[in-house]
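What follows is a set of notes on a single structure, which appears directly below.
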Amino acid sequence: MRKYLMMKYKFTYTLFLLFFFSCVDKDKSVYSSYNNPKIIYSGYKWWNYDIISVDIFGNDLSHLTRNSWTDTEPIASPNGRQLIFASDRDGNREIYSLDIAYVGGYYNWKTENLKNLTNDPYFDGDFSFSPDGKKIMYLKYFPENDNYDIYLMDNDGSNKKNISNTLWYEKKPIFSPDGSNIIYQSWKYNNAEIFFTHLIEGNQENISKSNGDDLIFFGNPFTPDGQQIIFSSNRDGNSEIYIMSLSGENQKNLTNNETWDSEPQFSILGDKIIFSSNRDGNSEIYKMDLDGTNVVNLTSNQARDWNPKVYPDNMKIIFMSDRDGNWEIYSMDMNGANQINLSNNPRTDFSFSFLPLPN
């Protein structure tokens with residue numbers, strides 16, 4: 001009887017495994033929903049920096065890459081099925097792609113089809129997906145003439161095209177919400193200016209036009225309708241936060257104080273601005289209205305807090321802090337409550353981004 005039960009158990013378990021893996025492999029585009037919103041970041045857990053995921057409460061930590069090379073700056077596609085990241089596994093910094101699917105269980109993620117998308121001898125960085133996920137924009141550095149250019153390619157690495165192609169530095173290219181144009185920083189006039197390019201027309205227009213350094217930051221520099229841009233500038237003697245229309249008109253200093261204000265981001269709804277400032281003696285995360293009023297210190301502690309980004313549900317802010325003795329990734333509510341250490345690791349964790357909201 002015992003032998004019969006053991007044989008029955010093994011047969012049932014084998015059928016379960018066959019069923020499970022057939023469901024996972026049958027359609028490689030299957031994307032199972034995870035329970036809680038997730039952040040992906042580069043963390044040093046064992047012998048090097050890997051790509052790690054954790055949920056918005058600091059739980060359910062798991063590796064998406066696990067190897068002896070340095071993997072950083074993970075970005076998920078809008079549908080959550082493709083991951084791109086930087087790695088030095090081929091001897092220089094390249095952009096790689098992985099197909100990912102959430103399957104739960106011990107490992108949480110299934111990853112396959114690792115591919116070097118750039119596959120060149122140059123430094124590749126500042127990469128992002130287009131809003132529809134079909135294109136990837138990135139930066140390439142040419143050491144022979146000390147130049148950075150902006151490139152566009154399909155999400156499989158094909159059809160690479162230089163879309164800036166100038167003699168000057170271009171950095172931090174960012175897609176507009178509808179993907180029809182980009183903004184980026186250029187050093188054409190010996191200081192950083194914000195430029196606009198329509199991806200079909202190919203025009204390159206300086207829209208900030210000041211004597212200072214005008215800087216944009218990855219995250220949400222556009223209002224949801226794509227008609228306004230938030231940026232920082234030192235044109236008035238120190239770093240301040242400015243807002244302007246997409247044409248460069250109606251530029252306004254929103255912070256206007258004697259200390260530095262930087263890293264501005266719009267909320268997902270476009271009704272608030274999140275930024276970092278040292279106006280209280282150290283770097284903190286702040287929130288204000290679009291006209292610069294109702295400024296609130298959200299972090300309010302003696303450590304350094306910086307690099308704020310609004311999570312896509314518009315309910316959380318993710319940021320970096322060294323309050324535990326090293327740089328960690330934290331989350332908090334939009335009003336500054338419930339500050340949680342998400343990475344919770346004795347080594348530095350950095351370069352975070354977001355997986356799409358769960359289905």
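What you are looking at is a predicted structure, and each value in this text was computed from that prediction instead of being measured.
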Using a 6.0 Å cut-off, check whether atom [atom1] of [X] has over 12 heavy atoms from anything other than its own residue.
{"X": "Asn92", "atom1": "CG", "result": "yes"}
{"X": "Leu269", "atom1": "CG", "result": "yes"}
{"X": "Tyr107", "atom1": "OH", "result": "no"}

Can you tell me how far apart [atom1] ([X]) and [atom2] ([Y]) are? Round to the nearest 0.5 Å.
{"X": "Asn234", "Y": "Asn211", "atom1": "CG", "atom2": "CG", "result": "10.0 Å"}
{"X": "Ile150", "Y": "Ile182", "atom1": "CD1", "atom2": "CD1", "result": "4.5 Å"}
{"X": "Thr255", "Y": "Ile243", "atom1": "OG1", "atom2": "CD1", "result": "12.0 Å"}
{"X": "Asn253", "Y": "Ile241", "atom1": "CG", "atom2": "CD1", "result": "9.0 Å"}
{"X": "Tyr41", "Y": "Asp50", "atom1": "OH", "atom2": "CG", "result": "10.5 Å"}
{"X": "Phe275", "Y": "Leu254", "atom1": "CZ", "atom2": "CG", "result": "9.0 Å"}

Quiz item: Between Met288 and Thr293, does a side-chain contact (heavy atoms from CB on, under 4.5 Å) hold up when you go through it step by step?
Solution: CA-CA 6 Å; Met288 65 180 173; Thr293 61; over 6 Å; no
Kindly state each residue pair satisfying salt bridge (charged side-chain N to carboxylate O under 4.0 Å, His left out) with at least one member in [range], sequence neighbours excluded.
{"range": "residues 60-71", "result": "Lys38-Asp60, Asp71-Arg89"}
{"range": "residues 305-316", "result": "Asp305-Arg323, Lys316-Asp333"}
{"range": "residues 273-297", "result": "Asp261-Arg279, Lys272-Asp289"}

Sequence-distant partners of [X], side chain to side chain donor-acceptor pair (under 3.5 Å), two or more places apart:
{"X": "Ser210", "result": "Asp214"}
{"X": "Ser276", "result": "Glu263"}
{"X": "Ser331", "result": "none"}

If you define the side chain from C-beta out and look only at heavy atoms, does anything of [X] sit under 4.5 Å from [Y]?
{"X": "Asp55", "Y": "Pro37", "answer": "no"}
{"X": "Met244", "Y": "Asn250", "answer": "no"}
{"X": "Ile183", "Y": "Phe231", "answer": "no"}
{"X": "Lys172", "Y": "Tyr148", "answer": "no"}
{"X": "Ser42", "Y": "Glu73", "answer": "no"}

Practice problem: Could you walk me through whether Phe222 and Phe266 pass the ring pair (Phe, Tyr, Trp, His ring centres under 6.0 Å) test, one step at a time? | Solution: CA-CA 7 Å; Phe222 285 95; Phe266 284 111; 8.8 Å; no
Practice problem: State whether Asp124 and Lys140 are salt-bridged, where the test is any N-O pair (Lys NZ or Arg NE/NH1/NH2 against Asp/Glu carboxylate O) under 4.0 Å. | Solution: yes
Quiz item: Do the charged groups of Asp88 and Arg93 touch, with an N to O distance under 4.0 Å?
Solution: no
Practice problem: Considering non-hydrogen atoms only, spot the tightest contact between Gln185 and Leu215 and give its length. | Solution: OE1-CA, 3.3 Å
Quiz item: Is there a salt bridge (Lys or Arg N to Asp or Glu O under 4.0 Å) between Arg81 and Asp99 once you walk through the steps?
Solution: CA-CA 6 Å; Arg81 297 173 184 172; Asp99 293 339; over 6 Å; no
Decide whether [X] and [Y] meet the rule of one side-chain donor and one side-chain acceptor closer than 3.5 Å.
{"X": "Glu193", "Y": "Ser186", "value": "no"}
{"X": "Asn79", "Y": "Ser77", "value": "yes"}
{"X": "Ser245", "Y": "Gln227", "value": "no"}
{"X": "Ser130", "Y": "Asp132", "value": "yes"}

Exercise. Could you check whether the rings of Phe85 and Tyr96 sit parallel, tilted or perpendicular, using 30° and 60° as the cut-offs?
Key: parallel
Exercise. Mind telling me whether Tyr169 and Trp187 have parallel, tilted or perpendicular rings, with 30° and 60° as the class edges?
Key: perpendicular
Quiz item: If you draw the axis of the six-membered ring of Tyr151, does the NZ or CZ of Lys160 fall within 45° of it and under 6.0 Å from the ring centre?
Solution: no
Practice problem: In sequence, state the C-alpha distance, the side-chain angles, and the governing distance for Leu98 and Asn113, and then conclude on side-chain contact (heavy atoms from CB on, under 4.5 Å). | Solution: CA-CA 6 Å; Leu98 265 178; Asn113 298 327; over 6 Å; no
Quiz item: Looking at Tyr102 versus Trp109, is the centre-to-centre ring distance below 6.0 Å?
Solution: yes
Practice problem: Could you check Phe350 against Tyr49 for ring pair (Phe, Tyr, Trp, His ring centres under 6.0 Å), going step by step and ending with a plain yes or no? | Solution: CA-CA 10 Å; Phe350 67 107; Tyr49 280 98; 5.3 Å; yes
Quiz item: So Asn36 and Asn59, side-chain contact (heavy atoms from CB on, under 4.5 Å) or not? Walk me through it.
Solution: CA-CA 9 Å; Asn36 295 316; Asn59 301 319; over 6 Å; no
